[in-house]
Every structure is written in C-alpha cells, then in structure tokens.
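Every chain is numbered from 1, with letters handed out A, B, ... down the list of sequences. Note: hydrogens, waters and symmetry copies are ignored here, and every other heavy atom, side chains too, is used. Given the structure is predicted, the values throughout are model-derived calculations rather than measurements.
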Amino acid sequence: MKTMNAFDLLKERGFFKQVTFEEELRKTLAEEKVTAYVGFDPTADSLHVGHLMGIMALAHLQRAGHRPIALVGGGTVMIGDPSGRTELRTMLSKEVIAQNAEAIKAQLTHYMDFSNDRALLVNNADWILPLNYIEFLREIGSQFSVNRMLTAECFRSRMERGLSFIEFNYMLLQAYDFLVLNRKYGCKLQMGGDDQWSNILAGADLIRRLEETTAYGLTWPLLTTASGKKMGKTEAGSVWLDPKKTTPFDFYQYWRNTHDDDVERFLGYFTFLPMDEVKRLGALRGQEINEAKKILAYEVTKLAHGEEEAKKAQKTAEALFEAGKVSASALPVTMVTATDYPEGIPLLDLVVLTGLVPSKKEARRMIDQRGLYLNDEVVTEVQRVIRPGDYPEGLILQKGKKIFHKVEFK
RNA sequence: GGAGGGGUUCCCGAGUGGCCAAAGGGGGCAGACUGUAAAUCUGUUGCGUCUCGCUUCGAAGGUUCGAAUCCUUCCCCCUCCA
C-alpha cells in the first residue's frame, strides 16, 4: 500500500499551523526518509497530556516511514524557556533531570519504536553543559542579531515585564540544538507548538548559515480545550501518562469527558484512527457523540497504558455510569487497617484519608451539600462512624457525580 | 547607586486601629437541569475537638486592651533616573 505523504498526513490530522518552505518540505518528505525532532522539557518525572501533541506528531511521522528524535531538554531546562511564561523557571538539579529523562524515555516507547535506531532519544545536556562560553559566543552568538531577536513575539511580550539575560539566551541554545542534531543525525525538521515558532526559525536559520543546507520547521496550533482551558489540566492537577500519578481509569475519564467540540480534533491528534473514521465520529451529534467520546477515551488510553488497562477502564466506566452499579476493579483503592481503628473510623476521617477531599472541614461541607455517597446512597449523617465489619466487602465512596474511590479493610 | 510605587487568602483585587477569616470578581467544589457534554441557575470556598478555639494579609521585632491596618529593621518586585 502506498503510504500517504507524511506532510499531508500531519496537515490533515491538524498538526499544522505554520511551516517553512511548505512545498519543499512536502517534497522532501515524499522523497526521502527524514529525521525530525521535537523537544520535551524534563521538568517532571513523567510526561503529561500537554506533551501528547509532540509525541503523536513524532509517532505519526514514524508510521509514515520517517525517523523521529525525541529530545529531552536536560540542558535547556536549566535555562527556562521564556515563551509564554511570566516567571523564571525554577532550576532542577542535574541528577533529577537525568532521572526524569529516563522516565520520559520509558513512556515514549509506548508510542514509538526505538529499536535499531528507528527512533532516537537524545538529551541536550550532553552538548549544552560542556559548552565553552567564549567559543559559543564566537560560533553561535555572532550569527544572531539582537534587533531581530527582539522582534520575535516571545520576547516582545516579555519586554514590558522584564526578561532576564539567561532567558534571552534560550533561543540561541534551542537553535544550537537543532544545529547539533543536523550535524550529527542529519536532522532536517523541527516541530513544536506554535509558541516555539521563533525558536524553531532561529534554528533553521542557523543551520542555513553555518551548514549551507535547508532545515525546516513546522508548528501546530497551541492546544486549548474548547472551553479555553489549558489542555491536560484538571482540578486535581495535570493528567499524567504515568499510571502511578494518574490512574488509567482517571486518564480514561479525562478523555471520556471531552467537550463535544473537541472530539473530532482530538481523535485526529491523539489516535491513529483513519481520518474518514475520525470525521464520521466527529460528525455525530447530540447524545450520539458519546460513542465517539468512548472511542476516543479507549484509543488514547490504549496507547498510554495498553489494551488491557484500557478495557478495564472502559468496563469500570460503563458499570459505574451506564449500569449504575458500584462494583468495579479499576477504581483507585485505599486500604484501611481495621485494627488501627478498633472503635471504627469516623466517615469524615475516612474521606480525608482517601484523598477525596483535603480536609475534614471540606468533607463536612460535602456532606452538608449532599455531595457524598456511600455505596450509592447519599450520606446525611455527618458524624457517621464506619465500624470494622460493617463492610467486609469494602465500600465505595463517591464525591459528586463522577469521582469514585474504593475502600477496603484488612 | 538615587527617587518614587508596591508585596492581602488558589489568582486578580478591595480593605489604612476594633463590626476582618478579610468586599467584589475569576477559578474550584457541590446541588438543580442534562448526554459522564456545554450553557444557565443555586449554594459553598483557611483549619479544628465547630454557637468556641487556632493559624493567615512579604519576614522579624515593637506600640496598643486590640494591628492586614501604626512604628522599626530586613527581604523581594515594579517604574523613572544613572
């Protein structure tokens, strides 16, 4: 089967906002195996949903026969990208960054194949940390015009608030990354969110000047949900790819609750479903679009956590919401040692213990407002005490309509 | 380095001696309505042994019966000048 041009594929799936030399890039992607990279900052020991655009862009490219490089910004993270930020980033220690990079690689392997150098993972700490300041200034710094840099959007917005010199250098380092990857691996394409546009251009320019060869840049639209919220953030914090930080069930639920207007876009970005299927699902209206949401949630969860977990999450969700049954295996569980509470444990304490609410005060409020359920029944008695033996099978606490937590006794 | 302005609860922002756990908005949470959607409406939003107590208004001291509010020192941020 003749595969589609990778450029058209990305464009069709929505990974397209700005691009350099569109036709030329398209041609290159048709004619040769292209090495392309996306950078990820190792600010935490797990990637989260906000990184998924970059991951999927690389994964789609690999499936179209090209070679992705995932660059972990272990060096640049020590500077902090000023784009879209108003504050200096806190600096992490080298050890922590190295650990994070490892964890990130493990997660990336779910999405692409790193065997036999079919995809590469590099850490820019390897070449940025040893840099010599004077040499860097002479080789790289001399190629940049401050006047021009200041016209870049990412700096302009910061001119009013102030911009530290260290942040001002971020662009040079990112450009340098691209140059290094170009020299070492023949990397010709850098991709990123649209906030990265000026940094990507800087890199492509630098390569053109020093290597006298063309390098390309492609950005995708910055991802916000239809309700204008930042992608991947919930009240509970980020939605992580690490199952220890965000359970597969919660992960599934995050996608299951996608806004109607986001469903089609998300299917394009975050699944490998063929586009005609994506369009069909996205066209569903009213109650029917729930089908599309289930498929979205299932597919995305499958990619992140594997088929088994995805099925489990889906089953749990169906049992909970459709059959109204409270049983279910994929819920987060808290174990309570009965012997620690010979008199029984006050429900208020139990709710706090599960992490459903941060304080007893809030637990009280929750009960007052009839927002807490125990095994499907509204809790009305604030002072209720759960005695050992009351629920030998364990019990399920529910906060509001959608948040469930299982408690088991031992 | 000089002059001026400012740091308030998750965020923005009012509050200049007691009526302040601190207006208002945003956000969050819960309820109603629904499709596990959106919008809308209602309630709620420091902690606890909860008609009472404790902690909070950049930090530490001080004045006072009483301080977010007054005084002292320190830290940080911004603007203008150099």
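- Anti is the glycosidic conformation of B/U34, whose angle departs from 0 by more than 90°.
- For A/Lys399, counting side-chain heavy atoms from C-beta on, the closest listed nucleotide (B/A30, B/C50, B/A32) is B/A30.
- Spacing of P atoms, B/G4 relative to B/C71, comes out at 16 Å, to the nearest Å.
- For the C1' atoms, the distance from B/A23 to B/U73 is 32 Å, rounded to whole Å.
- Of the two residues contacting RNA chain B, namely A/Thr258 and A/Leu348, the nearest-nucleotide position lying further toward the 5' end is that of A/Thr258.
- Between B/U16 and B/C20, the two C1' atoms lie 13 Å apart (nearest whole Å).
- With a 3.5 Å ceiling on both atom-pair distances, B/U51 lacks any Watson-Crick or G-U wobble partner.
- A/Tyr373 does not carry A/Lys399 over the face of its six-membered ring by the limits of under 6.0 Å from the centre and within 45° of the normal.
- If you measure from atom CD1 of A/Ile403 to atom C1' of B/C29, you get 9 Å, rounded to the nearest angstrom.
- With P as the reference atom, B/G27 and B/U64 are 46 Å apart, rounded to whole Å.
- Atoms OG1 and CG, on A/Thr28 and A/Leu189 in that order, are 9.5 Å from each other to the nearest 0.5 Å.
- The separation between A/Lys402 atom NZ and B/G31 atom P is 11 Å, rounded to whole Å.
- Counting to the nearest Å, the P atom of B/U36 and the CD atom of A/Gln287 are 7 Å from each other.
- Using Watson-Crick or G-U wobble geometry with both donor-acceptor distances under 3.5 Å, B/U64 finds no partner in any strand shown.
- Under the 6.0 Å cut-off for aromatic ring centres, A/Phe272 and A/His60 qualify, their centroids lying closer than that.
- Between A/Phe266 and A/Tyr269, the ring planes lie tilted relative to each other; the angle falls in the 30° to 60° range.
- Rounded to whole Å, the separation between the P atoms of B/A22 and B/A68 comes to 13 Å.
- Across all strands, A/Glu288 comes closer than 4.0 Å to no nucleic acid atom at all (heavy-atom distances).
- Between the CZ atom of A/Arg256 and the P atom of B/A38 there is a distance of 11 Å, given to the nearest Å.
- Under the Watson-Crick or G-U wobble criterion, with both distances below 3.5 Å, B/A30 is paired with B/U42.
- With both ends at atom C1', the span from B/A67 to B/G18 equals 9 Å, rounded to whole Å.
- Using a 4.0 Å heavy-atom distance criterion, A/Leu372 is classed as making no nucleic acid contact.
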Check against salt bridge (charged side-chain N to carboxylate O under 4.0 Å, His left out), A/Lys27 and A/Glu23
CA-CA 6 Å; A/Lys27 208 168 145 231; A/Glu23 269 318 302; over 6 Å; no
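- Rounded to a whole Å, the OH atom of A/Tyr373 is 13 Å from the C1' atom of B/U36.
- Contact annotation: A/Arg364 reaches the phosphate of B/U49 (side-chain N/O to OP1 or OP2, under 4.0 Å).
- Ranking B/U34, B/G35, B/A37 by closeness to the A/His259 side chain, first place goes to B/A37.
- Rounded to a whole angstrom, the distance from the C1' atom of B/U8 to that of B/G58 is 10 Å.
- B/G35 atom C1' lies 14 Å from atom CG of A/Asp261, rounded to whole Å.
- Identified under the salt bridge (charged side-chain N to carboxylate O under 4.0 Å, His left out) test for residues 133-144 of chain A, with sequence neighbours left out: A/Glu139-A/Arg183.
- The interatomic distance linking A/Glu318 (CD) with B/G35 (C1') rounds to 15 Å, in whole Å.
- Every residue two or more places apart in sequence or in another chain that forms a side-chain hydrogen bond (donor to acceptor under 3.5 Å, both in side chains) with A/Lys11 is listed here: A/Glu22.
- B/C52 and B/C29 have their P atoms separated by 32 Å, given to the nearest Å.
- Atom-to-atom, OH of A/Tyr254 to P of B/U36 comes out at 19 Å; the value is rounded to the nearest Å.
- The partner of B/G24 is B/C12, by the rule that a Watson-Crick or G-U pair needs both atom distances under 3.5 Å.
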Step by step, work out the salt bridge (charged side-chain N to carboxylate O under 4.0 Å, His left out) result for A/Lys245 and A/Asp250.
CA-CA 10 Å; A/Lys245 288 176 178 273; A/Asp250 289 337; over 6 Å; no
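- The only option from A/Leu347, A/Leu348, A/Ile367, A/Leu350 that meets the side chain to side chain contact (heavy atoms under 4.5 Å, CB included) definition with A/Arg384 turns out to be A/Leu347.
- Residues A/Lys401 and A/Val352 both approach RNA chain B. Their nearest nucleotides, taken by heavy-atom distance, put A/Lys401 toward the 5′ side.
- Using Watson-Crick or G-U wobble geometry with both donor-acceptor distances under 3.5 Å, B/U79 finds its partner in B/A3.
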Nucleotide-resolved protein contact map, nucleotides 42-47 of chain B, B/S/- at heavy-atom distance under 4.0 Å:
-BSS-B
